[in-house]
J.: 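So that we are looking at the same thing, I have put the structure below in C-alpha cells.
Each chain gets a letter, A, B and so on, in the order the sequences are listed, and its residues count up from 1.
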Amino acid sequence: ARSLFLDTFQKVRKNFSEVFRTLFQEGEADLIMVDEANPLESDLEIVARPGQKRAQRIALLSGGERALTAISVLFALYLEKPSPFCILDELDAPLDDANVGRFLEMVKRFGKRTQFVVITHNRQTMEAANYLYGVTMQESGVSRVVSVRLGDEAVENEDEAIRSIQG
Amino acid sequence: ARSLFLDTFQKVRKNFSEVFRTLFQEGEADLIMVDEANPLESDLEIVARPGQKRAQRIALLSGGERALTAISVLFALYLEKPSPFCILDELDAPLDDANVGRFLEMVKRFGKRTQFVVITHNRQTMEAANYLYGVTMQESGVSRVVSVRLGDEAVENEDEAIRSIQG
Amino acid sequence: MFLKRIELFGFKSFMNKITVAFGEGTTCVIGPNGCGKSNISDAIRWVLGEQNPRLLRGETMDDIIFNGTRTRRPLGMAEVSLVLSNDTHAFPIDYAEIKVTRRVYRSGLSEYLINKNPCRLKDIRNLLMDTGLGSSAYTVMERSMTDQLLGNTSTNLRIMLEEAA
Amino acid sequence: MFLKRIELFGFKSFMNKITVAFGEGTTCVIGPNGCGKSNISDAIRWVLGEQNPRLLRGETMDDIIFNGTRTRRPLGMAEVSLVLSNDTHAFPIDYAEIKVTRRVYRSGLSEYLINKNPCRLKDIRNLLMDTGLGSSAYTVMERSMTDQLLGNTSTNLRIMLEEAA
Ligand SMILES: Nc1ncnc2c1ncn2[C@@H]1O[C@H](COP(=O)(O)OP(=O)(O)OP(=O)(O)O)[C@@H](O)[C@H]1O
Ligand SMILES: Nc1ncnc2c1ncn2[C@@H]1O[C@H](COP(=O)(O)OP(=O)(O)OP(=O)(O)O)[C@@H](O)[C@H]1O
Ligand SMILES: [Mg+2]
Ligand SMILES: [Mg+2]
C-alpha cells in the first residue's frame, strides 16, 4: 500500500506540473510530500507560482488563481485514473474569460475519454457544449429539464430530448 | 448595551424581511434570536424561504440563493447604519442574470448615500457602473490601474484618469 | 463503458420523474439560481453511494426526499437510477446495460437494485469500484472543493490520491 | 463626507505608487485573474486598521509588502493612504480633506499619520469610528462572507449587528 501510494503520488505530481503550465501558460507548481519517510501519514503541500511572480503561500493567490490551481490538481488526478464521467459544478465561476477558454480546451481534450457534465452560468462554457440542458422551475419548487439548442427554441418534451440525443 | 443591541436587532430584522422580498420577489425570510432572554449571548438564526418553496434549512438552498440571502443581510445592515463607502468583491459571481439585475438595482438605490466600489467579472455589472477601472499586470507581478470606458480605448495615463473623475 | 442516463423521482426538487440522457462528449446544464442543477449532481453522488447527508447539503438522509411546496404535498420516497452501458464489458455481469437504483423512504428504509434485482449498497459499490466510480471523491466536483483541496489540512488531497491509487 | 482616493505604494502587487480616484456613485473594478483587484480591497481593509494578517490572506503582516518578482527586488516598506473629504465636517478636525496613512516596514516597525502628522493606530480608529468606518466589518465584503454570515456559528452576524448598534 505504501509503495502504491508513493508511486501514484509521483505520477500525479508530474501530471500536476504539466497541467498547471498548460492552464497558466507561465509559471510552475509542485506537489510536495513534507515527510518523505512517512508517505501514508505525511502532510501534502501544494506550491504554485503563476507567471513571473515569486513563489508564495497559496493563500496569497487570487480567487481565480486558486480555482485554476485546484482544477490543475483535478486534471492531474484524472490523467492518472480517469473517471468514466465527471460532474463539474460551476468550477468556472471565478475564472476570467481567458482562463475559462483554457479550462474548456482542457475539458475538450479530456472529453475524448471522459464524459463531462458541466453545470454553469458562463456563456463561453455553454457555447462549448456538445449538448445543452436547461433546468427550470415553471412551477415554483418543482424542477423540470428541457433540451436546449443555443439560438433555437427550447424543446419542451423530455422524451424528444432523450431520443434526439441517443439516436 | 443590551437594549441597544435588541433595538438594532429588531430594526435589522425588519429591514432584512423587506430587502429579501425585493431581491427574491417572492417568498419570505426572518432573523431569529434563539434565546430571547439572553440577547447578548443568544444564537442568531437566519431562515429563508424563496418563491413558493417550503421553508427549509438554509444549507439546502442553492449557491445563488445563499449568496442573495447574504446580500439581503448586508443591505439590511446598511439600512440601519450605512457605511460611507463600501467595497463589494465579486458578490455577483454565483448569481444568474435576473438576480444580478436585481442586485444592481439595489446597489443603485443605496448608491445615493453610499459610494460603492464593485469588483467584478460580470458584464451586466460593468455596464451599470458610473466609473470603470481596469487593473492590469503588463509586467508580470506588478499591478497598474487604468481608467476604462466600455467600448472606448483604455486610458493609459493614471493622472488623466484621476483628473477626468474629480473634474 | 459510458453514462447513458440518470432518472430522478422524488429526489429533492424533482417531484416528477425526470430522465436526463447523456451522449458522448460534454453536456452542459444551465438554468436560473435554485432551479435544481446542483440537485442533479447531489443525485449522482447519492446513487453512487454517498452516505454522509452533509455532503448532500442535508442534515438527515430524508432531507433528500421531495418535501413539498406551498401547493404540493411532500412525497414519501426518493429514487435515483444511473444507467451505464456495458459495451466494453467493464462490468463483470452479463447485461448490455447496467441500471443501478437507490431508494429511500421517510421511515429511513432503503432499497438498492442492480438491473431490478434487490441487493445491498456494498454490492453497488463493489460493482462500480473497478470502473473508477467506486466513490464520488472526484467524480462530482463543485466550487467549494477549491478551498478544501488547497487548504492547510491536506486530507482531501490525500483522500483523492488514495482514490487514484 | 465621501471617499476621494486611495494611494498604494509597495502594498502587495502594487510595486509602483498607484492612485485610484473615486467619484460619486458606483465605481467598478475589473481585470484578469490575479491582476490585483482584491489586493485593493485588502489595502482598504488594512488602512482602516485591520490587524489580523489572515483577513488579508497573509500569515504575518509583512506578507503585505511587495515581495518582488523574478525580475524585481522586494521592497522594504508598504504604504497605503485613504483620502476622505470633510465637506460635511463629519470629522471633528479642521481640515477640508482627511488623509489617513499607514506604513509597515520589513522590520515590523509601523507608522501612522493623519494629514502627515504622526499618530497611533487608535487615533486613526477613533477618528473613523463615528463615521461608520471604524472597522471594516461590513465596509469590505467578499465572496467568502456568504458562508460565514449564513453559517452555523452566528458569530459573524452578531459582530456585524454590534457594529451597526
Ligand atoms: N428535499 C427537497 N424538497 C424540495 N425542494 C428541495 C429539497 N432539497 C432542496 N430543495 C430545493 O432545491 C433548490 C436548490 O436547488 P439547486 O441547489 O440544485 O440549485 P441550482 O440550480 O444549483 O442553483 P444555483 O445556480 O444557485 O447554484 C433549493 O431552492 C431548495 O429549496
Ligand atoms: N506581498 C506581495 N508581493 C507581490 N505580489 C503579491 C503579494 N501578495 C500578493 N501578491 C500577488 O497578488 C496576486 C493576487 O492579486 P488579487 O487577489 O488582487 O487578484 P484579483 O485581481 O482579485 O484576481 P481574481 O479575479 O482571481 O480574484 C497574486 O498573484 C499574488 O501572487
Ligand atoms: Mg448550484
Ligand atoms: Mg479577487
J.: By side-chain contact (heavy atoms from CB on, under 4.5 Å), which residues pair with A/K81, not counting sequence neighbours?
T.: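 So A/K81 forms a side-chain contact (heavy atoms from CB on, under 4.5 Å) with C/Y138, C/A164.
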J.: Could you tell me if A/R113 sits above the aromatic ring of A/F110, with its cationic atom closer than 6.0 Å to the ring centre and no more than 45 degrees from the axis?
T.: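 Yes, a cation-pi geometry holds between A/R113 and A/F110.
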J.: Measure distances from D/K12 to the heavy atoms of chain A and classify the residue's part below 4.5 Å as side chain, backbone, both or neither.
T.: side chain
J.: Are A/F75 and A/Y78 near enough that their ring centres are under 6.0 Å apart?
T.: yes
J.: Can you tell me which portion of A/R49 sits under 4.5 Å from chain D's heavy atoms? Options are side chain, backbone, both or neither.
T.: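 Interface part for A/R49: side chain.
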J.: Enter the distance from D/Q148:CD to D/L157:CG here, rounded to the nearest 0.5 Å.
T.: 12.0 Å
J.: Which region of A/L95, side chain (C-beta onward) or backbone (N, CA, C, O), has a non-hydrogen atom less than 4.5 Å from a non-hydrogen atom of chain D, or is it both or neither?
T.: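 It is both, since atoms from each part get that close.
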J.: Which atoms of A/L61 come close to chain D, meaning under 4.5 Å heavy atom to heavy atom: side chain ones, backbone ones, both, or neither?
T.: backbone
J.: Quick check on the interface: out of D/S38, D/G58, D/P74, who has the most heavy-atom pairs with chain A under 4.5 Å?
T.: D/P74
J.: Would A/R21 and A/E28 count as a salt bridge (charged side-chain N to carboxylate O under 4.0 Å, His left out) if you check the C-alpha gap in whole Å, the side-chain angles of each, and the deciding distance to 0.1 Å?
T.: CA-CA 6 Å; A/R21 277 218 60 115; A/E28 51 201 24; 5.1 Å; no
J.: Give, as side chain, backbone, both or neither, the part of D/E142 having an atom under 4.5 angstrom from any heavy atom of chain A.
T.: neither
